[in-house]
Engineer: 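If you scroll down you'll find the structure; I have some questions about it.
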Amino acid sequence: MGIDLSTLNPPQREAVASTEGPLLVLAGAGSGKTRVITFRIAHLMERGVSATNILAVTFTNKAAAEMRERVAHLVGEKRARSLTVSTFHSFGLAVLKKELHRLGYPKQFAILDASDQASLVKRVLKECNDADRRFDVRRVISLVSRAKMAGGSLRSLAGGDPAYDAIAREVYDRYQRALFNMACVDFDDLIMLPAQIWKKFPEVLEAYQWQYRYLLIDEYQDTNASQFELVKLLAGERQNICAVGDDDQSIYGWRGAEVEHILRFEKQFRGVKEVRLEQNYRSTGHILSAANAVIALNKQRKAKRLWTDQGEGERISVVVAPTEEDEARFVADEVQRLLYERTCRADEMAILYRTNSQARPLEEALQLAGIRYDTHGGLKFFDRKEVKDVIAYLRLCHNLQDDVSLARIVNTPARGIGDTTMERLHAQARAEGMHLFSVMRRAAQNPELGSAAVESVGRFVALIEKYRALIDTEGWSKAARELVREVDMYAECRRHVDSSAAAARKVENLEGLLGGIERFEERNQGEGVAGYLARLALDSRDEEPDDDGKGVTLMTLHSAKGLEWPVVFLCGMEEDLLPHSGMQGEVANPDEERRLAYVGITRARRKLFLTRAASRFKNGQPRPRTPSRFLDDIPAPLTEAVNLSDPAARKPVNLQTGKDFFARMRAKMTEGEGEG
DNA sequence: CGCCAATTATTTTTT
DNA sequence: ATAATTGGCG
């Protein structure tokens, strides 16, 4: 007993203590949001609410794990364990595991990841429109996904390019049917289908409403229509919902997120109480002023003004380098200097950027300087081709209807089943309404296939069936290892690669995968392949962090949301990059780009660098670059300019900054408060 | 018909 | 770096 609310400021305390009815907490960046959420949960439990009746939804699995941990710190490990803390997607999966059979799906189903989805849409596209393939697959996927995120309504497929709207409608139906026939769901289904089930079976919904009486949604500004519907259904008449978020940090519009949900919260629920957290505990005054100045220019928002009692702090360094290499070298030099002066540790610094492709030169510069760094996002372990291939084998063995996985590995390694044969099999499957594997079992009866093809297909069918059996008798981790050996994935790794070092890495990846599978099987006896595959799709956190967070962090602005560092470098402050512009040089959503800049600025606690290059390579040619419009929005007195083309201006600025900064950092670097 | 090597285009952001 | 595509060869 004894959640000490006296350490909270008045609005924070109000947010924690208002336990009944709809509550909107507008939590500015660095305003102690996570603390409020965890205290609120602990406070609820202290007042007698059972942990099993609380559902907290977060944006990432990492955030979920952290939140549970912090609640455990307050109420104890044991009580925290009965809490439900998860992402929308994991929660949806849990619901589907229990209820999806109600829509006629089999008990076991698989989750399609983004690239599986792409291959399926490609195939569907080929089937309906065919031939000239004038449609951009990515764009079609985005339209279909948008419709699903709008709760499965095709109404969103109007008003855009008519040709695309039309093809997307056609693809939508076929795609959904294909998913159903393959016993697969995609990411959007994890939200959309639970809502459908709840609407169709009120008694099921009631059971969930009965269980989850206290709802808490974090990062509410990033909910899409489908997620909103889910929440609204679950909240029911009771409307015991606490939404926490910051409209100024809504940066997932491209994923269907609608700021309107948070802006209009009070219209969507009855008797809403609103609390604003505006005191910032993270950043120094200059950084906050800059953030306020940038975000103030957005029209549609709940006006907030962050303030701090921490003093002005360092000025923001606005750095211009001749080229992107110079920019990267400056960042590396500066990091090295801060390390050398022992001003801060490597893990207290972050280098942020808009697009993953910007990471390259930065990584190279850091490597050259011998600085440890961790990249989050970008190329992930489970995206590696060889790893995905093994996963596809496992998925096919687990679910023979999974045509996407089958198509992926049917001829990897090459075994005499080429495009022509597959085309014929596909045609037959479509004609019969069967999945590929069942058609392949009867390949001998297909008059179109030559004898060589029939034999190859027969061998493949036998291979898969052998390993299906082996999974049952020997366990799936052993079967996986044996499969990798029998099909000789190691040779396959060597085949398509020039250097033996690259091949060795691939083999290492395979070993890592097999090791990971073994460990998972050991730890989760009951789960089986399905559990592993689901975890893989939903939680892409690396199984084993090789270098455990001791280096400088490199990540995109999107992944940086919710995190903070004493020193932040925000790179590529240029038009077309931040704000990012697409094909026709048009900025698709200027407001969102501005919020992105705001998120970046507010990640910094004590020192912020905004860097840009005067010239950057694009398509192999150096192109002159324009400074980001957001730089103009920051009042000059908050900044100090550093021009790397001008050697005279360079050193003194840094030295002066360093000395002053050093002293203040030392004094301030004691407490570490997380938040988002 | 399938295999392989060579060439070309493609990377916003992520559960 | 990786697909997807293409062309030549068996």
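Note that these values count all heavy atoms, side chains included, but never hydrogens, waters or copies made by symmetry. Every chain is numbered from 1 and lettered A, B, ... according to where its sequence line falls, protein lines coming before strand lines. Given the structure is predicted, the values throughout are model-derived calculations rather than measurements.
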Engineer: Looking only at side-chain N and O atoms, does A:Lys122 come under 4.0 Å of OP1 or OP2 in C:dA4?
Structural biologist: yes
Engineer: Quick test: give all pairs of protein nitrogen or oxygen and nucleotides 6-10 of chain B nitrogen or oxygen below 3.5 Å, distance rounded to 0.1 Å.
Structural biologist:
none

Engineer: Heavy atoms only, 4.0 Å cut-off, all strands: where does A:Arg415 land among base, sugar-phosphate and nothing?
Structural biologist: sugar-phosphate
Engineer: Which nucleotide wins on minimum distance to the side chain of A:His89, given the candidates B:dT13, B:dT15, C:dT2?
Structural biologist: B:dT15
Engineer: Look at all strands and tell whether A:Asn411 reaches a base, only sugar-phosphate, or nothing, counting heavy atoms closer than 4.0 Å.
Structural biologist: sugar-phosphate
Engineer: Above 12 or not: heavy atoms from other molecules or residues under 6.0 Å from CD of A:Glu486?
Structural biologist: yes
Engineer: From the set B:dT15, B:dT14, B:dC4, return the single nucleotide nearest to any side-chain atom of A:Ala414.
Structural biologist: B:dC4
Engineer: Write down the distance between CZ (A:Arg595) and C1' (B:dT13), rounded to a whole number of angstrom.
Structural biologist: 14 Å
Engineer: Heavy atoms only, 4.0 Å cut-off, all strands: where does A:Phe59 land among base, sugar-phosphate and nothing?
Structural biologist: sugar-phosphate
Engineer: Starting from C1' on B:dG2, measure out to CZ on A:Arg459 and report it in whole angstrom.
Structural biologist: 13 Å
Engineer: Considering only B:dT12, B:dT14, C:dA3, which nucleotide approaches the side chain of A:Ser559 most closely?
Structural biologist: B:dT14
Engineer: Please confirm whether the ring centroid of A:Trp254 lies under 6.0 Å from the ring centroid of A:His580.
Structural biologist: no
Engineer: Please identify each residue that fulfils side chain to side chain contact (heavy atoms under 4.5 Å, CB included) with A:Arg415, with sequence neighbours left out.
Structural biologist: A:Tyr393, A:Asn411, A:Pro413, A:Ile417, A:Phe460, A:Leu463, A:Val487
Engineer: List the residues meeting side chain to side chain contact (heavy atoms under 4.5 Å, CB included) with A:Gln176, not counting sequence neighbours, and say none if there are none.
Structural biologist: A:Lys148, A:Tyr172, A:Leu179, A:Asp189, A:Met192
Engineer: Rounded to whole angstrom units, what separation is found between the CD atom of A:Glu363 and the P atom of C:dA1?
Structural biologist: 12 Å
Engineer: Please determine, for the side chain of A:Tyr252, which listed nucleotide (B:dT12, B:dT15, B:dT14) has the closest atom?
Structural biologist: B:dT14
Engineer: Write down the distance between CZ (A:Phe187) and P (B:dT15), rounded to a whole number of angstrom.
Structural biologist: 8 Å
Engineer: Using whole Å, report how far CG of A:Leu425 lies from P of B:dG2.
Structural biologist: 10 Å
Engineer: Name the residue from A:Arg360, A:Arg625, A:Arg616, A:Arg612 that meets the salt bridge (Lys or Arg N to Asp or Glu O under 4.0 Å) definition with A:Glu327.
Structural biologist: A:Arg616
Engineer: Does the side chain of A:Thr556 get closer than 4.0 angstrom to OP1 or OP2 of B:dT12 through an N or O atom?
Structural biologist: no
Engineer: Go through the structure and list residues passing side-chain hydrogen bond (donor to acceptor under 3.5 Å, both in side chains) with A:Glu592, not counting sequence neighbours.
Structural biologist: none
Engineer: If you only use heavy atoms from C-beta on, which nucleotide in B:dT14, C:dT2, B:dT15 is closest to the side chain of A:Lys506?
Structural biologist: C:dT2
Engineer: If I take atom CG in residue A:Asn224 and atom P in nucleotide B:dT14, what distance separates them, rounded to the nearest angstrom?
Structural biologist: 17 Å
Engineer: Rounded off to whole Å, could you give me the CG-to-P distance for the A:Leu96 and B:dT15 pair?
Structural biologist: 19 Å
Engineer: Just how far, in rounded Å, is P of B:dT12 from CZ of A:Arg139?
Structural biologist: 14 Å
Engineer: Would you tell me if any nitrogen or oxygen in the side chain of A:Asn589 comes within less than 4.0 Å of OP1 or OP2 on B:dT13?
Structural biologist: no
Engineer: Let me know, please, whether A:Thr60 or A:Asp419 comes out on the 5' side of the other along DNA chain B by nearest nucleotide.
Structural biologist: A:Asp419
Engineer: Sequence neighbours left out, what passes side chain to side chain contact (heavy atoms under 4.5 Å, CB included) with A:Ala150? Give chain and number order.
Structural biologist: none
Engineer: Which residue lies toward the 5' end of DNA chain B, A:Glu448 or A:His580, if each is placed at its nearest nucleotide?
Structural biologist: A:Glu448
Engineer: For A:Asp188, give me all partners under salt bridge (charged side-chain N to carboxylate O under 4.0 Å, His left out), at least two apart in sequence or on another chain.
Structural biologist: none
